[in-house]
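Structure first, commentary second.
Letters A, B, ... are given to chains in the order of the sequence lines, protein chains preceding strands, and every chain is numbered from 1.
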Protein chains: 2
Amino acid sequence: MSLRHAILVLLQDQEASGYDLAREFANSIGLVWNATHQQIYLELGKLSEQDMVHYRHVPQEGKPDKKLYSLTEAGRTELVRWLKKPAGPARIRDAFMVKVAGGSLADTQVLLAELDSLAKQRRERLATFEALAQRLDESGRDDNVYNYLTVRRGILDQRAWLQWAEEVRHSLEHRSADSTAS
Amino acid sequence: MSLRHAILVLLQDQEASGYDLAREFANSIGLVWNATHQQIYLELGKLSEQDMVHYRHVPQEGKPDKKLYSLTEAGRTELVRWLKKPAGPARIRDAFMVKVAGGSLADTQVLLAELDSLAKQRRERLATFEALAQRLDESGRDDNVYNYLTVRRGILDQRAWLQWAEEVRHSLEHRSADSTAS
DNA sequence: AGTGCGTATACAACGGATTGCGCAGCACTT
DNA sequence: AAGTGCTGCGCAATCCGTTGTATACGCACT
């Protein structure tokens, strides 16, 4: 149970709407913790009931009204409490990796095609993160060290994946060349 | 819904008990897909009802009896079907990363201690994977390319994390030196 | 006029996942 | 003699998460 804490962390710097949070989860933080808007709205509702967050209603023109959430004292206290206790191990669900593990039954061409498509997404993400890192580096590095470190993690992650993808491609192409030749 | 497929992949090579699978999920595959024994037993039950897997009861001496599961034809067909359709995006839940992102509210010493403990685990895992990779490399590389690639992923992942950890340590130590000096 | 996209919020239903508990025997240590 | 840890299986409750659906307005495109 800790989508709540991810939300509290995001609200720590600035107030945000559910929609804003959803966008952040889809981008930067999404690499490390993901959530859909339904989940976020639900959790914001719960947090609000428990007085961890507070919102003000902001009418808008041309756009639907929104609710801007911010941390309450109780929310900040809860966040500090959570930060102190050890985090659980990281969990991942990478379906593509499972497919590679079961690769002997798969069609190599299909796997290669999927690999390319995933690699493309990763490269785009890498570019986004690198641009972001540079911007953070140029402005005050000290104020947002934590932000910077988060982005660095994203960069290293993408690079590691892409390097692995090269190895996979090499092995698979080798294999497919074999089977084509036979 | 695809713990089922991870299980089918594991059963593809060899028959295994629920307990065996749980160990595999805790180790090698665990980096990419995790599951507890309760989940595994439940899923094996469902798979068995649907005739995707089949088990034989094996009495043992000195240990509890066990059920050794293996794929049926239907299970293999389902696996092949699943391998063809594109995998969803990888999902992660890394609580420690969330903590780093919210680091400005955290106690630097606590974070550093946790970083060390996680780094230790990662280093151990890295050693295990590297040993495994070497063994696979020495025996026939071609038979278990897929297995080898899975392990490679684990290695690259650990290395990327450890590199990131170095960056984090550097930043945090810098910070803590500042605050100690002031 | 109709279609699709972006902003913004929300409910309902189902299924997947975690947590807590329980049983059972053997081996090894303290 | 009691405690700890490993092998092995399983149920029940609850919570988390996904998917589907809904509403509402403005803007741009065809």
(Q) Mind checking if A:Gln60 touches a base, just sugar-phosphate, or nothing, with heavy atoms under 4.0 Å? (A) sugar-phosphate
Q: In whole angstrom, give the distance that lies between atom CD of A:Gln38 and atom P of C:dC11.
A: 12 Å
Q) Just how far, in rounded Å, is P of D:dC9 from OH of B:Tyr55? A) 11 Å
Q. For A:Arg91 and D:dC15, what is the distance between atoms CZ and C1' respectively, to the nearest whole Å?
A. 12 Å
Q) Does the side chain of B:Arg93 pick up a donor-acceptor pair with the side chain of A:Asn34 at under 3.5 Å? A) yes
**Q.** Gap between atoms CZ and P, on A:Arg56 and C:dT9 respectively (whole Å)
**A.** 13 Å
Q: Report yes if the side chains of B:Val32 and B:Thr150 come closer than 4.5 Å at any heavy-atom pair, otherwise no.
A: no
Q: Map B:Thr36 and A:Asp65 onto DNA chain C by nearest heavy atom, then report which one ends up closer to the 5' terminus.
A: A:Asp65
Q.
On DNA chain D, does the nearest nucleotide to A:Glu61 precede the nearest nucleotide to A:Leu42 from the 5' side, or the other way round? Give the residue.
A. A:Leu42
Q. What is the distance from CG of A:Leu44 to P of C:dA8, rounded to the nearest Å?
A. 14 Å
Q | Closest listed nucleotide, where the reference is the side chain of B:Tyr69 and the choices are D:dG10, C:dA10, C:dA17 | A | D:dG10
**Q.** Flag for B:Asp20-B:Ser17: side-chain donor and acceptor within less than 3.5 Å
**A.** yes
Q. Which of these nucleotides, D:dT7, C:dT9, C:dT18, is closest to any side-chain atom of A:Arg93?
A. C:dT18
(Q) Ring-plane angle category for A:His37 and A:Tyr41, please: parallel below 30°, perpendicular beyond 60°, tilted otherwise. (A) perpendicular
Q) Between B:Gly62 and A:Lys63, which has a closest nucleotide on DNA chain C that is more 5'? A) A:Lys63
Q. If you check the A:His37 side chain, which of C:dT9, C:dT7, D:dG17 turns out closest?
A. C:dT9
(Q) I need the CD-P distance between A:Gln39 and C:dA13, as an integer number of Å. (A) 19 Å
Q) Would you say A:Arg23 reaches C:dG6's phosphate, i.e. side-chain N/O to OP1/OP2 under 4.0 Å? A) no
**Q.** Any donor-acceptor N/O pair, A:Thr128 side chain to A:Glu124 backbone, under 3.5 Å
**A.** yes
Q) Can you tell if the side chain of A:Lys99 reaches within under 4.5 Å of the side chain of B:Trp82, non-hydrogen atoms only? A) yes
Q | Check: D:dG17 base within 3.5 Å donor-acceptor of A:Glu43 side chain | A | no
**Q.** A:Tyr41 side-chain N/O to C:dA10 phosphate OP1/OP2 under 4.0 Å
**A.** no
Q. Can you tell which of D:dA24, C:dG16, D:dC16 lies closest to the side chain of B:Lys46?
A. C:dG16
Q.
In this structure, how many angstroms lie between the C1' atom of C:dA8 and the NZ atom of A:Lys67, rounded?
A. 10 Å
**Q.** Nearest-angstrom distance from the residue atom OH of B:Tyr19 to P of D:dG10
**A.** 15 Å
Q.
Roughly what angle, to 10°, lies between the helix axis at the start of the helix from C:dA1-D:dT30 to C:dT30-D:dA1 and the one at its end, five pairs per end?
A. 30°
Q) Quick one: does B:Lys84's side chain get under 4.5 Å of B:Val80's, heavy atoms only? A) yes
Q) Is there a donor in the side chain of A:Gln163 and an acceptor in the side chain of B:Arg159, or the other way round, less than 3.5 Å apart? A) no
